[in-house]
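Notes follow the structure.
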Amino acid sequence: MPELPEVETLCRQLQKTVAGKKVLASEIFDSKLAHMENIRGRTISAVRRRGKTVELILSNRHSVFIHLRMTGRLLWLKEGDKPKHSRWHMSLTEGNVYLVDPRRFATVKLLPTGDSAAGNDIMHDFDQHAFIAGHGRRKVKVKNLIMDQKAITGIGNIYACEILHRAGIHPERVAAALTKKEWEKIFKSAKIILTKAIEKRGTSISDWRDLYGCQGENQFELRAYGRVGEQCGNCGGTIVRIKQGGRSTFYCPVCQK
DNA sequence: AGAACCGCCTGCTTGC
DNA sequence: TGCAAGCAGGCGGTTC
């Protein structure tokens with residue numbers, strides 16, 4: 001599922017491939033997206049990431065905000081047939097961008113540029129002190145908190161597990177019980193894990209593919225997520241899996257305190 | 001108010 | 001083999 005590294009990968013590729021190009025046609029294939037305006041005739045001036053959202057900045061002070069949710073993908077095709085599960089499509093001067101999404105959770109919106117709140121992005125403008133002041137006394141479990149997009153943007157289930165594993169923090173700890181040092185460890189781990197995942201162009205555990213349909217390589221870097229029953233690379237303990245709020249959490253009960 | 005839970009969706013895996 | 005149930009989970013909305 002696309003989290004920060006996957007969306008960052010897409011945005012960088014889109015910036016190279018579609019920025020400066022004119023939209024010749026746009027087309028909706030799914031009635032759930034019927035509200036989406038036709039952006040024919042607009043030019044994409046730039047592409048940037050907002051948390052897990054792709055923002056295509058148009059030349060008319062509006063942006064297309066694409067959120068891929070679980071199974072959404074953006075695919076660049078020079079020619080050929082519409083891929084299966086296509087839900088929306090843009091035709092550009094040298095090719096096409098398809099929004100492909102089997103489970104139909106993805107959203108596409110046209111809003112004035114700058115309307116979507118920025119901030120709290122661990123890779124850009126994250127304010128540790130503000131985070132601790134604002135959330136450090138909450139009673140939520142730390143894993144749920146770092147996946148809360150209002151607190152920090154970009155972290156989903158896979159990277160939350162990896163970050164806490166690297167930081168040596170038990171996912172069921174309550175936020176209020178963490179020390180400042182432990183928070184700093186989490187933020188530092190988050191930067192390392194996410195930077196690496198961007199370098200590896202994302203985690204292709206199930207259906208993640210980049211703009212050109214290629215798999216990422218970060219699945220080979222995972223040390224906790226999906227590794228139940230395997231040995232922990234830090235301490236030799238055994239990775240276990242629990243449920244937190246309906247989601248699977250993977251961690252090492254020996255070295256995550 | 002803050003935390004937990006539900007529903008949206010469909011393809012794939014598991015079990016009988 | 002075939003069918004049904006279970007599972008995956010981000011996020012907005014609802015409930016506790």
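In what follows, chains are A, B, ... by sequence order, proteins preceding strands, each numbered from 1.
One atom, NZ of A/Lys32, and another, P of C/dG12, lie 13 Å apart when rounded to the nearest Å. Atom CG in A/Leu4 sits roughly 14 Å away from atom C1' in C/dG10 (whole-Å rounding). The nearest whole Å value for the distance from the CZ atom in A/Arg247 to the P atom in B/dC8 is 17 Å. Taking atom CG of residue A/Asp148 and atom P of nucleotide B/dA3, one finds them 10 Å apart after rounding to whole Å. Atom CD1 of A/Ile242 and atom C1' of C/dC7 are 17 Å apart (whole Å). Per the geometry, CG belonging to A/Asp101 stands 11 Å off P belonging to B/dC9, to the nearest Å. Rounded to whole angstrom, the span from the CG atom of A/Leu68 across to the P atom of C/dG10 amounts to 13 Å. A/Arg104 places its CZ atom 17 Å from the C1' atom of C/dC11, with the value rounded to the nearest Å.
A/Trp183 and A/Phe187 have parallel rings, their planes meeting at less than 30° on a 0 to 90° scale where 60° marks the start of perpendicular. Ring pair A/Phe126/A/Phe131 is tilted by interplanar angle, where 30° to 60° counts as tilted.
Considering only side-chain N and O atoms, A/His85 lies nowhere under 4.0 angstrom from the phosphate OP1 or OP2 of B/dC9. Residue A/Gln149 places at least one side-chain N or O under 4.0 Å from the OP1 or OP2 atom of C/dC11.
If you check distances only, the side chain of A/Arg103 does reach the base of B/dC9 with a donor-acceptor pair under 3.5 Å.
Along DNA chain B, the nucleotide nearest A/Lys84 and the nucleotide nearest A/Arg69 are compared for position; the residue whose nucleotide lies closer to the 5' end is A/Arg69.
Residue A/Arg138 has its side chain nearest to B/dA3 when only B/dA3, B/dC8, B/dT10 are considered. With distances taken from any side-chain atom of A/His67 to the nucleotides B/dA3, C/dG10, B/dC9, the minimum falls on C/dG10. The nucleotide whose nearest atom lies closest to any side-chain atom of A/Val140 is, among B/dA4, C/dC11, B/dC9, B/dA4.
Across all strands shown, A/Met1 has heavy atoms under 4.0 Å from sugar-phosphate atoms exclusively, and none from any base. Heavy atoms of A/Thr71 sit nowhere under 4.0 angstrom from any nucleic acid atom. At a threshold of 4.0 angstrom between heavy atoms, the contacts of A/Lys243 are confined to the sugar-phosphate backbone, with no base atom among them. Among the atoms of the strands shown, none is found under 4.0 Å from any heavy atom of A/Tyr159.
Under the 4.5 Å side-chain criterion, counting only non-hydrogen atoms from C-beta, A/His85 is not in contact with A/Pro83.
Other residues, nucleotides and ligands contribute only 12 or fewer heavy atoms inside 6.0 Å of the CZ atom of A/Arg42.
A salt bridge links A/Asp121 to A/Arg49: at least one charged side-chain nitrogen sits closer than 4.0 Å to a carboxylate oxygen.
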